[in-house]
Amino acid sequence: MNILVCISKAPDTTTKISFTENNTKFDEDKVQFIVNPYDEWYALVRALEIKEKDGGEVTTITVGEADHDPIIRKALAIGADKAVRVNAHAGDAFFTAQQIANFAKDKGFELIMLGKETINYNGSQVGSMVAELLDMPFVSVASKLELNGSTATLNRDAAGGEEVVEGELPMVISCAKGMAEQRIPNMRGIMAARSKPLEVVEPAEAEMLTEVVSYSLPPEKGDVKLIDPENMDELVELLHNEAKVI
Amino acid sequence: MSVLVFVETHEGKIAKAAYEAVYYGKLIAEKTSGTVTAVTYGDASEGDLEKLGNYGAKKVLVNKNIKVANDQSLTDLAQQAVEAEGAKIVVFAFDVVGKSVAPRLSARLKAGLVPGAIDVPEIDGDNFVVTKNVFSGKAFAKYSIKTEIKIIALLPNSFKAETSDETASVETFENGVAESKITLKDKIVEGGEGIPLPEAELVVSAGRGLKGPDNWGIVEELAGALGAATACSRPVADIGWRPHHEHVGQTGIAIRPNLYIAAGISGAIQHLAGVNGSKVIVVINTDPEAPFFKAADYGVVGDAFEVLPRLTDAVKKFKTAD
């Protein structure tokens, strides 16, 4: 099985978010970057499990500049065989999807896997766009993937619960909780990652459809109003008359 | 500008998020002197489709031949409707179908998409700017869409839809669409008769402070009294006290109900990311230093085992008096 896993860079989940340059840029100062958790815990680890069982090769692809190399090495340390970095700033989702589709189009990948969203932009766009550009089916927010030859059986989120669906490879899958368990890279993996191939390719010509104009932070909450735990009638009264939510 | 709204149906029923999307489409149409057309599929009744007019649709296009949600066939349907109506703005709900169809349509039409919008677009000449949540609810970003056709996927619960007595005309719109390459084998319905969490306006949530899965009765009783959905923190879902689909937070689902009541949850930054779009937050915790109190509107420093039943009684008393 020849699998491509899309890996994105994201700030660590505990990061306090702030912006610079007149609120047009995320302030990366002192920020610890990680592999986007959905890409790592679910897409990459499930891809590795499939490879370990059925053989084949797991390649990662990342659209980003050289500052992405540390998180790409992390993906290699977890067990990917080789990595590709498209040397460009990931301008928007469509730009990123075009780069991935352009790289993947003649490589014969049977599965293209990625997380259900990134934790920084929360767009859920790239997988579906790659599928469209490569004319492949797309299964979104999948929590289980089993393969039988070239037939994939998946559980995916659906209105009111889950659906079990089936389709023929190749396909694009966005992965969510349940797909696999996080793996912590061991020392051998970290050492091996240093010598695994990380190929840098130049970007294809591509367009951007959207652009961030500015960022802002939610307004600070006022002080919490403390209610006597003996007096829940007061809380109900406040929720009704002051907050007007019940 | 002509606004097209993609309306998702599920087993013949129109989803709440789809009504919100139609209403949102109407708000945009009012700003741009346009009209709203809805496009849908499946088995929703004629009456239900006409009622989309209550929310602002003038016309509803329906393809009854499409029975199962599939991203490739639904993208064809959306594209056909965009072309037939000359739509310049396309609205989806940012739900399961919206997340797979809207980006596909965006790539096909080269039409910029803002997924998870929370506000009506700012339109000024050629500038078309839409706000969405980023950094898992920790910040907002304004996105400019630079293409002629613009697509917006609206985050559920961002708008309360207002209705009128208008009805929509319903037209059959059955062109051929791509055959589904994905086949449906089975459906697993979760939560039974409960309110789906992403759509819920009131949510009661609990964490490790509840000490064990057998103690959730007091959470469910409060939720029952309020007509609320139940949710939980990540540790509780990870140890299997509660099902994963109840997990709200950065790696679970992000919700934005009108009221979020959290009992026995300390309020780690990852949990807050999933709930800080809530309009009002009530925190119940024995520890007055719990970080969640900083994000709360109302706080109760007390034992959930005593406070929750007391709150349930107070809610019941209020409901009977109301």
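Chain letters run A, B, ... following the sequence lines, proteins first, then strands; residues in each count from 1. These numbers come from the heavy atoms of this one structure, side chains and all, not from hydrogens, waters or symmetry mates.
Considering only residues two or more places apart in sequence or on other chains, B/N285 meets the side-chain hydrogen bond (donor to acceptor under 3.5 Å, both in side chains) condition with none of them.
With contacts defined as side-chain heavy-atom distances shorter than 4.5 Å, the pair B/Q72/A/D135 qualifies. Between B/K185 and A/T153 the shortest side-chain heavy-atom distance does not fall below 4.5 Å. Side-chain contact between A/T210 and B/S144 is absent, with no heavy atoms from C-beta onward closer than 4.5 Å. Taking 4.5 Å as the limit, some side-chain heavy atom of B/I188 sits within range of a side-chain heavy atom of A/N155.
Looking at A/L238, the atoms closer than 4.5 Å to chain B (heavy atoms on both sides) sit in the backbone and in the side chain alike. Looking at A/K116, only its side chain comes within 4.5 Å of chain B, counting heavy atoms on both sides. With a 4.5 Å cut-off on non-hydrogen atoms, A/L226 touches chain B through its backbone and its side chain both. For a residue to count as touching a neighbouring chain, one of its non-hydrogen atoms must lie under 4.5 Å from one of that chain's; by this rule A/M171 touches chain B with the side chain only. For a residue to count as touching a neighbouring chain, one of its non-hydrogen atoms must lie under 4.5 Å from one of that chain's; by this rule A/S128 touches chain B with backbone and side chain alike. With a threshold of 4.5 angstrom between heavy atoms, A/V139 approaches chain B through side-chain atoms but not through N, CA, C or O. Only the side chain of A/F94 comes within less than 4.5 Å of a heavy atom of chain B; its backbone N, CA, C and O stay farther away. For A/A158, the part lying near chain B is the backbone, with the side chain staying farther off; criterion is any non-hydrogen pair under 4.5 Å.
Interface remark: of the candidates B/A141, B/P103, B/A273, B/P103 forms the most heavy-atom pairs closer than 4.5 Å to chain A. Among B/L226, B/I182, B/T75, the residue making the largest number of heavy-atom pairs under 4.5 Å with chain A is B/I182. Most heavy-atom pairs under 4.5 Å with chain B, from the set A/E230, A/E117, A/E234, A/E168: that is A/E230. Counting heavy-atom pairs under 4.5 Å between each of A/Q125, A/K16, A/M208 and chain B puts A/Q125 at the top. Heavy-atom pairs under 4.5 Å with chain B peak, among A/E207, A/K244, A/E237, at A/E207. Here B/A295 is the residue among B/A295, B/G116, B/G302 with the most heavy-atom pairs under 4.5 Å with chain A. Considering only heavy-atom pairs separated by less than 4.5 Å from chain A, the leading option among B/V280, B/D71, B/N258 is B/D71. Between chain A and the residues B/I145, B/V134, B/D297, B/I269, the most heavy-atom pairs under 4.5 angstrom are made by B/D297. Ranking B/H247, B/K142, B/K99 against chain A, the residue ahead of the rest is B/K142, based on heavy-atom pairs under 4.5 Å. Most heavy-atom pairs under 4.5 Å with chain B: of the set A/L133, A/I246, A/V141, this distinction falls to A/I246.
With rounding to the nearest 0.5 Å, the separation of CZ in B/F135 from OH in A/Y215 is 5.5 Å. Rounding to the nearest 0.5 angstrom, the gap separating the OH atom in B/Y143 from the CD atom in A/E211 is 11.0 Å. Taken to the nearest 0.5 Å, the OG1 atom of A/T13 stands 4.0 Å off from the CD atom of B/Q270. With rounding to the nearest 0.5 angstrom, the CD atom of A/E166 is 5.0 Å from the OG1 atom of B/T183.
Side chain of B/R108 to main chain of A/E132: no donor-acceptor pair is present (N/O by atom type, distance under 3.5 Å, no hydrogens or angles). Between the side chain of B/K138 and the backbone N or O of A/T15 there is at least one donor-acceptor pair closer than 3.5 Å. Under the 3.5 Å distance criterion, the side-chain polar atoms of B/D186 are left unmatched by any main-chain donor or acceptor of A/V164. The backbone N or O of A/P229 sits less than 3.5 Å from a side-chain atom of B/R310, completing a donor-acceptor pair.
Tested against A/I227 for a side-chain contact (heavy atoms from CB on, under 4.5 Å), the candidates B/V307, B/I284, B/V300 yield a single pass: B/V300.
Counting non-hydrogen atoms of neighbouring residues, nucleotides and ligands closer than 6.0 angstrom, the NZ atom of B/K181 exceeds 12 such neighbours.
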Checklist line | Pair B/K146-A/D92, salt bridge (Lys or Arg N to Asp or Glu O under 4.0 Å): steps then yes or no | finding: CA-CA 12 Å; B/K146 307 194 294 184; A/D92 74 347; over 6 Å; no
